[in-house]
Amino acid sequence: MGDSAEVSEWVEILEPESQKKMYANVISGDCLWDPPAGVPVKASHENQWWELVDASTSRSYYYNASSHATVWERPKGGDIIPLAKLQQMQEQLAQEEANAGAADAAPATEPAAAVTAKPVAAAAAVNTTTPQAPVVEDEAAAAKKRDVAEKLEDCSDLNQHKKGFIFKRPVSLATMLAWSKDIIPSPMLMTIRKTHRKDAIDLFKLIQMAMGDRSNRGRPFIDIATAIVAKSWAVNVLRDEFYLQVCKQTTDNKSSKSEEAGWELLAIAVTFFPPSGRFFSYLEGYVCRHIKGDESKISQYAEHCLKKLDRARQAGARRGNDVPSRAEVELAQKNIFNPSLFGSTLTEVMDVQNKEKPGLEIPWVVTALAEEILRKNGAQTEGIFRVPGDSDAVNTLKVALDKFTMKDTYTEPHVPASALKLWFRELQDPLISEEYYESCIGAANNAEMAIATLELLPPLNKKLLTYIIRFLQVVGQKQNQAVTKMSGDNLAMVWAPNFLRCPSEDPMTIFNNTKMEMQYVRHLVLNLKTDDVAHLGLKFYT
């Protein structure tokens, strides 16, 4: 490098993160920490601007390492340093890293985000282990970060982020899992494939918008929440990514308003999809650590999340082909602090309906759906309760029922039939609660004993169970079975999981108990006298 043609090739620039001087060759793209020997070097100064290229538009933009300003227009009177060659080399290295399994960031779409949104791989040059300046941090906040990090330290799917514009340095796990005003440079999880990496980063931007940490351009919270839920629900691999991103943004968040918005997102999302089994225990633990037993909003959000997580683990994600609608997301938002007719306890359901339909003995939604099934000729429809109704129509009906209306947008009875099963399946506590489960299973081989177990149940549970058994008896009358193909045995098989939930998580125990659950319900369908609920409206054919 001794000839005159190379006199102006080397420039002194400031590494953005540490503000340490380094030296770049604008022709070759080489970059060094130490001054190159034997050649002139142009000194850095406050009016030095780097000329770079936005990958998404191929448009030049300009970055000032002293002020961290980023602009599209060429600064007038600025000392422009063309670093496109250096950028190109570093992006090639980043691509090689990505091909080896490390994710790169999505291109920036705004000048203000351009620099922080374009991390580049560690240069092949020397020393990339420059010590970072110490950061003074509140000990409680630091302990919280460490606690979050420790919960995920065994998760091999976690993608370690790197920090720095030219020389990328690994970011500690605790820092990576704490709130940040910056866009994440890559997905949080390594399991996110290349086809969904941009989706993961776009998801983070939406979360920042919903939490007020990024301009929402006038979009209401509910619209952003709907977009987040729809994106995460539709793409399975984004579900854990979403939960991890929200946990990150609600950890060590200095803004109570932002933190509460993040928890509201979490409380809405658990209504529609659970995390994977691999991530479930982490999220459950994170939620439990925020239940304080007080009246704070975050504690209430956490309590709601825990209830929904428990049911989601058993019931799985919301079903359907269409993404969750705005109306469904609004309902999920409302139900955080106002119990719904779906997914609540029996007592809560009765309290809710007493405001709209006082004086009813059992939940209105059950009687309304039972009558709708009969009105749609369900007792004469093949496969009733066995054939599922259209999931999207069921979701629409569910929203209408929560407003105490019956939205008739379907022609066949399988839709209300599926909605009725869904109501029982989503009860916070099963109709036959866990404390009576063993007694019922123990009575599975004796009809009289099975019927006697109803006396163990609370009065409301007993009356509701008697009503729904009467309804199954009406549907299962012999004159209907030739058409429906639903005998007492078949009805018991379909309905047992809606009445009873095995408290064990052991697959073998669950499997072995399934037959006894069916036998127990079969005894009720075939032998229970239900005249004491005849006044509630169901009549047998004569």
With side chains defined as the heavy atoms from C-beta onward, is the minimum distance between Phe272 and Ser232 less than 4.5 Å?
no

Please lay out, stage by stage, how Arg375 and Glu371 fare under the test salt bridge (Lys or Arg N to Asp or Glu O under 4.0 Å).
CA-CA 6 Å; Arg375 189 176 73 82; Glu371 292 167 2; over 6 Å; no

Under the salt bridge (Lys or Arg N to Asp or Glu O under 4.0 Å) criterion, do Asp531 and Arg470 qualify, and how do the steps go?
CA-CA 8 Å; Asp531 293 342; Arg470 183 177 180 87; 3.7 Å; yes

Are Asn216 and Arg219 close enough, and set up right, to give a side chain to side chain donor-acceptor pair (under 3.5 Å), and what steps lead you there?
CA-CA 5 Å; Asn216 60 22; Arg219 295 174 68 183; over 6 Å; no

Pair Lys398 + Asp402: basic N to acidic O under 4.0 Å:
no

Please confirm whether the backbone N or O of Ser276 pairs with a side-chain atom of Asp240, one donor and one acceptor, at under 3.5 Å?
yes

What pair of heavy atoms forms the shortest contact from Ile469 to Leu524, and how long is it?
CG2-O, 3.4 Å

Closer than 3.5 angstrom, by distance alone: can the side chain of Thr271 be matched with the main-chain N or O of Ala332 as a donor-acceptor pair?
no

Does Lys297 come within less than 4.0 Å of Glu264, counting only side-chain N to carboxylate O?
no

Check: Val475 and Met486 side chains under 4.5 Å, non-hydrogen atoms
no

Apply side chain to side chain donor-acceptor pair (under 3.5 Å) to Asn461 and Tyr436, showing your working.
CA-CA 12 Å; Asn461 297 57; Tyr436 307 116; over 6 Å; no

Backbone N/O of Lys529 and side chain of Gln473: donor-acceptor pair under 3.5 Å:
no

Between Glu259 and Lys254 (salt bridge meaning N to carboxylate O under 4.0 Å), is one present in this structure?
no

Student check: side-chain heavy atoms of Leu369 and Leu401 closer than 4.5 Å:
yes

Is the shortest side-chain heavy-atom distance between Asn490 and Arg386 below 4.5 Å?
no

Pair Val352-Ser344, side-chain contact (heavy atoms from CB on, under 4.5 Å): steps then yes or no
CA-CA 10 Å; Val352 169; Ser344 301; over 6 Å; no

In this structure, CD of Glu241 is separated from CD1 of Ile184 (nearest 0.5 Å) by 5.5 Å

Minimum heavy-atom separation for Pro324 and Ala230, please, with both atom names.
CD-CA, 4.3 Å

Please check this pair: side chain of Asn338 against backbone of Lys334, looking for a donor-acceptor N/O pair closer than 3.5 Å.
yes

Between Ile207 and Phe242, does a side-chain contact (heavy atoms from CB on, under 4.5 Å) hold up when you go through it step by step?
CA-CA 9 Å; Ile207 290 171; Phe242 161 78; 3.8 Å; yes

Do Asp351 and Pro339 touch side chain to side chain, with heavy atoms closer than 4.5 Å?
no

Taking Asn321 for its side chain and Asp390 for its backbone only, find out whether a donor-acceptor pair lies under 3.5 Å.
no

Between Gly488 and Leu526, the two heavy atoms sitting closest are CA-CD2, 4.2 Å

Begin from the C-alpha positions of Arg319 and Ser391 and carry the test side chain to side chain donor-acceptor pair (under 3.5 Å) through to its verdict.
CA-CA 6 Å; Arg319 300 172 186 175; Ser391 296; over 6 Å; no

Hey, is Lys307 close enough to Glu303 for a salt bridge, meaning N to O under 4.0 Å?
no

Are Arg501 and Asp429 ion-paired here, with the side-chain N under 4.0 Å from a carboxylate O?
no

From NZ (Lys485) to OG1 (Thr381), nearest 0.5 Å
11.5 Å

Donor-acceptor check, side chain of Lys308 to backbone of Ala267, threshold 3.5 angstrom: yes or no?
no

Looking only at atom types and distance, does a side-chain atom of Trp495 sit under 3.5 Å from a main-chain N or O of Phe385, one as donor and one as acceptor?
no

Would the Tyr467 and Trp364 ring centres measure less than 6.0 Å apart?
no

For a side-chain contact (heavy atoms from CB on, under 4.5 Å) check, start with the C-alpha distance between Arg214 and Ile183, then their side-chain angles and the critical distance, and finish with the verdict.
CA-CA 10 Å; Arg214 182 181 179 85; Ile183 300 170; 3.5 Å; yes

Evaluate the side-chain proximity of Val365 to Trp423: yes if any heavy-atom separation is below 4.5 Å, no if none is.
yes

With distance as the sole test, does Glu434 use its side chain to make a donor-acceptor pair with the main-chain N or O of Pro503 at under 3.5 Å?
no

May I ask you to check whether Phe337 and Tyr301 place their ring centres under 6.0 Å from each other?
yes

Side-chain contact, heavy-atom cut-off 4.5 Å: Leu420 with Glu372?
no

Over 60° means perpendicular and under 30° means parallel, so tell me whether Phe499 and Phe424 are parallel, tilted or perpendicular.
perpendicular

Would you confirm whether His523, through its side chain, and Ile451, through its main-chain N or O, come within 3.5 Å as a donor-acceptor pair?
no

Closest heavy-atom pair and its distance - Pro274, Gly316
CD-C, 3.9 Å

How long is the span from the CD atom in Gln249 to the CG atom in Leu177, to the nearest 0.5 Å?
10.5 Å

Scan side-chain atoms only and decide if Ser504 and Asp506 contain a donor-acceptor pair under the 3.5 Å cut-off.
no

May I ask you to check whether Phe273 and Tyr243 place their ring centers less than 6.0 Å from one another?
yes

Which distance, rounded to the nearest 0.5 Å, do you find between the SG of Cys247 and the NE2 of His290?
8.5 Å

So which atom in Leu397 and which in Pro416 form the shortest heavy-atom distance, rounded to 0.1 Å?
CD2-CA, 4.0 Å

Spacing of Thr484 atom OG1 and Ile384 atom CD1 [to the nearest 0.5 Å]
8.5 Å

Could you please spell out the steps behind the side chain to side chain donor-acceptor pair (under 3.5 Å) verdict for His535 and Glu361?
CA-CA 11 Å; His535 64 286; Glu361 297 179 43; 3.0 Å; yes

Quick check: closest heavy atoms across Ala400 and Thr405, and the distance to 0.1 Å?
O-OG1, 2.9 Å

For His414, does its backbone N or O pair with a side-chain atom of Ser418 as donor and acceptor, under 3.5 Å?
yes

When you check the gap from the basic side-chain N to the acidic O, do Glu260 and Lys257 get nearer than 4.0 Å?
no

Atom CG in Leu500, atom CD1 in Ile441: separation rounded to 0.5 Å?
6.0 Å

Quick check: do Asn498 and Leu427 have side-chain heavy atoms less than 4.5 Å from each other?
no

Step-by-step side-chain contact (heavy atoms from CB on, under 4.5 Å) determination, Lys248 to Leu244:
CA-CA 6 Å; Lys248 166 185 171 65; Leu244 193 53; 5.9 Å; no

